[in-house]
Amino acid sequence: MTWRRRRIPVLIDGVRVQGEFATGLELVQAIEGGGEVVALEYGGELHDLSAPLGGVEKVRTVTAISEAGRSVLRHSAAHIMAQAVVDCFPGARYAIGPSTDDGFFYDFQLPGDERFDQEELAAIEDRMRAIIAERQPFARSEIGFAEAEELFAQQPYKLEIISRVRAAGGSEEDLREAGGSDRVSIYRNSERFADLCRGPHVPDTSYVRAVKLLRTSGAYWRGSEANSQLQRIYGTAFWSDEELEAHLLRLREAEQRDHRKLGAELDWFHFPPEVGGGLPVFHPKGAYVRYRMEEFSRKQHLAYGYQLAWTPHIAKAALFERSGHLGWYREGMFPPMEMEGSTYYPKPMNCPFHILIYESQPRSYRDLPIRLFEFGTVYRYERSGTLHGLARVRGLTQDDSHIFCTPEQLAEELARLLEFVLALLRAFGLEDFTAELATKPEKAVGSDSDWEFATAAARSALEKTGLDYAVAEGEGAFYAPKIDIHLTDAIGRRWQVSTLQIDLQLPQRFDLEFQSAENAKQRPFMIHRALFGSVERFLAILIEHYEGHLPAWLLDEQVRLLPVNDTSANYAAEVSSKLAAAGVRVAVSGAGEPLGARVRRAKIDRIPYLVVVGPQDIANGTVGLTRPRSPEERGVPLSAFLEEVTKAVQEPQLLLEAR
RNA sequence: GCCCGGGUAGCUCAGCCGGUAGAGCAGCUCACUCGUAAUGAGCAGGUCAGGGGUUCGAAUCCCCUCUCGGGCUCCA
């Protein structure tokens, strides 16, 4: 196909460029920094640089270091890996190989159902480098179904994809996916390797400068256990070695922050096999941190118009039948227990219990909103392979609350709630949040008008806070639109913490009502919400975010006093009792061991304030002070030290005006 | 649950081709009294995850179970 050369100017990233460009490649060669461009965006889609420009007048460049550019680069790296695997394992079948947030993967089925091992990974990586050095072009072409089926005759997974595209036929989306109603697109790197792919790709393999294969795992075809398990290889690729190194460093850092490792090192908790997977026991120091977290939270809730509730860990089957949990959440529940002819279940959620409190007496509009709060421990069956330290457990404590309000109050309650969530999270020193509004999924209960009403309330609450939020269309629970709060930690990882859900189902199932001002029976709205999410998971996030150096107010030991020698012991005791009198939690580590060893111990224990006192301090009325993650400072006057530390270890103040 | 990799002293780990177990740290005892990340010496510490099998002989090889870790979300 030939295209007429164009003389009219093209707008590149908003800048007018004059010239004759048949393809994107020619175009980017004409601009500064064009060598780092891996694809172009026009007509709302990404395109190969090699694609003919046709009548395009406006383009945006996609550079290798942009997020979209990285995805292109990594997707190309995935193809290179597949080619390398096919080279190393003739007869290997390749399934799918997308880019991911941090890299890419590709799934394979090896001849004789072989698995990859570590040395083979290195060999594949070497082979990839050879392919990269060959500068193989990523050549796109479009072929008919029949031709594609012939080309991929030995590739059953590709055939399956082709037949799906073929069957999908008419819909807009499928046409876009497949690049045409009667054709599919393929990329050919060399005579030896072609892959079915929508693209785009970098112009040739040499664009993939820095690549690293990371791990292998099993993965089901199309993610379903009903299908065969394939061998997946994860890798990552960057535009430069420096970027790759920085990424690998970040991975090592993340390992250092692993709350499971730090939890053991700090002696905060562990998971005894005797108790069972996903069931943590908290040791004194870890239990203390929990206690502080929970007490702080309780205090804030009480000041902010919540009432406490307390409910048991198990209940009869009838309650969960009525709530519907036995219908739609049965697989997430622990198995039942029989006693005195009744069947009991450990609770997977607290809501049914709070509803029983609501309906324990007739309610008037004057009573609403009713906000019930509880640290409720729930039990959920999580598959053994999904358990992960405190971040994914089978017994967890939610800082759970259910708010019952009138329809008129809903928007205001949500706005208040969001304000409260953010204030609470900020009190723990967390700052970087985003929100996600999840809307009605295809399979949902409740009327459209209720969904619209609830979703609009959620949206207006989000607008009010000014928080950045994304809308996840159709991602809501079947019974509720929800707002999820995500937080970005110190090394850029995203965690979901709080969740706010507007329940459209339970008030109906339990036939909840209140007496309105017009003396009519009306149904209340119900909001579920957890701010920490779960205490366990939130603690895990704090540990990883702070690398174990949690804010002092949460710790059972805020100051450790180290007398240099025994003659300093009395002075240390004096300083210690002054601190204790001021409400500071302090311990003394006497001169039984050399000072260096005791300092080391205190640092490993991550005690925020380290205080060394010796003869010079006795003479001058001073202390030697090491603040969190700071160098030591000698000769700090005792009074100044007391004032500073007493202030620094204080719990955060009340967050919001009480209501 | 499934795939892969582990499980040796409280912790971190060594232990080859099968010959019946070793280090550092932690612990205990004694000495040392010290100014910011390990003072020295001594002592004690093990059903090599559990069970079965092969073998003259198993931490080591084979099978089963338990348990821990990496994945199983990203759809050409």
Side-chain angles (χ1 to χ4, degrees), chain A residues 71 74-75 78-79 82 94-107 113 115-118 121 148 152 155 157-162 164-165 174 177-179 184-187 194-199 201 214-234 255 258 260-261 264-265 267 270-274 276-277 331 381-389 560 562-569 590-605 610-617 622-626 631-635:
Chain A
S71 303
R74 288 164 176 171
H75 190 185
H79 275 227
Y94 40 107
I96 58 165
S99 65
T100 65
D101 286 347
D102 302 312
F104 61 87
F105 65 80
Y106 214 119
D107 290 344
D113 281 327
R115 324 277 176 216
F116 295 110
D117 67 33
Q118 211 55 38
L121 226 52
F152 294 108
Q155 294 294 338
Y157 298 102
K158 297 295 170 190
L159 291 178
E160 189 177 324
I161 292 164
I162 293 167
R164 276 167 57 100
V165 171
D174 287 322
E177 283 282 299
V184 292
S185 56
I186 64 162
Y187 281 81
D195 198 357
L196 190 64
C197 182
R198 170 183 43 182
H201 280 284
L214 296 170
R215 62 176 68 89
T216 63
S217 81
Y220 297 99
W221 170 236
R222 296 198 178 284
S224 164
E225 286 167 41
N227 296 331
S228 56
Q229 183 149 333
L230 306 172
Q231 295 304 304
R232 173 170 297 181
I233 302 179
Y234 284 92
E255 221 169 291
D258 192 318
R260 295 166 301 180
K261 176 181 123 86
E265 197 171 305
D267 189 22
H270 85 293
F271 292 84
E274 294 87 340
E331 286 186 3
Y381 170 69
E382 300 281 358
R383 294 188 304 168
S384 59
T386 64
L387 301 174
H388 183 86
R560 187 171 294 175
L562 310 181
V564 166
N565 54 26
D566 279 348
T567 55
S568 316
E593 281 180 294
L595 183 64
R598 286 179 286 149
V599 167
R600 178 168 185 272
R601 190 68 248 163
K603 300 235 176 187
I604 290 171
D605 289 345
L610 215 90
V611 177
V612 176
V613 293
Q616 292 163 33
D617 294 302
T622 59
V623 300
L625 176 61
T626 305
E632 65 175 278
E633 185 183 341
R634 294 277 298 274

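Just so it is clear: chains get the letters A, B, ... in the order the sequence lines come, proteins before strands, and each one is counted from 1. As the structure is a prediction and not an experimental result, all values here were calculated from the model.
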inquiry  = Is it the case that the side chain of A:R598 and the backbone of A:P563 share a donor-acceptor pair, with hydrogens and angles ignored and the cut-off at 3.5 Å?
reply    = yes

Enumerate the protein-to-nucleotides 44-46 of chain B contacts in which both atoms are nitrogen or oxygen and the separation is below 3.5 Å.
none

key: Carboxylate-amine/guanidinium proximity below 4.0 Å for A:E593 and A:R601   = no

task = Classify the glycosidic conformation of B:C17 as syn or anti, calling it syn when the angle lies within 90° of 0.
result = syn

note = By ring-ring contact (aromatic ring centres under 6.0 Å, His included), A:F271 pairs with (sequence neighbours left out) none

remark   = Taken to the nearest whole Å, CG/A:L230 to P/B:C4 is 13 Å

message = Which residues pass the ring-ring contact (aromatic ring centres under 6.0 Å, His included) test with A:H388, not counting sequence neighbours?
response = none

task = State, with a plain yes or no, whether a side-chain heavy atom of A:Y94 is found less than 4.5 Å away from one of A:Q155.
result = yes

remark   = A:Y220 meets the ring-ring contact (aromatic ring centres under 6.0 Å, His included) criterion, sequence neighbours left out, with none

key: Backbone of A:E255 reached by a side-chain donor or acceptor of A:D258 within 3.5 Å   = no

Show me the protein contacts with nucleotides 68-70 of chain B, counting only N or O atoms at under 3.5 Å.
residue	atom	partner	partner atom	Å
B:G69	O3'	A:R260	NH1	3.2
B:G70	OP1	A:R260	NH1	3.0
B:G70	OP1	A:R260	NH2	2.7
B:G70	OP2	A:R260	NH1	3.4
B:G70	O2'	A:R215	NE	3.0

key: Per-nucleotide protein contact string for nucleotides 23-36 of chain B (B base, S sugar-phosphate only, - none; heavy atom under 4.0 Å)   = ---------BBBBB

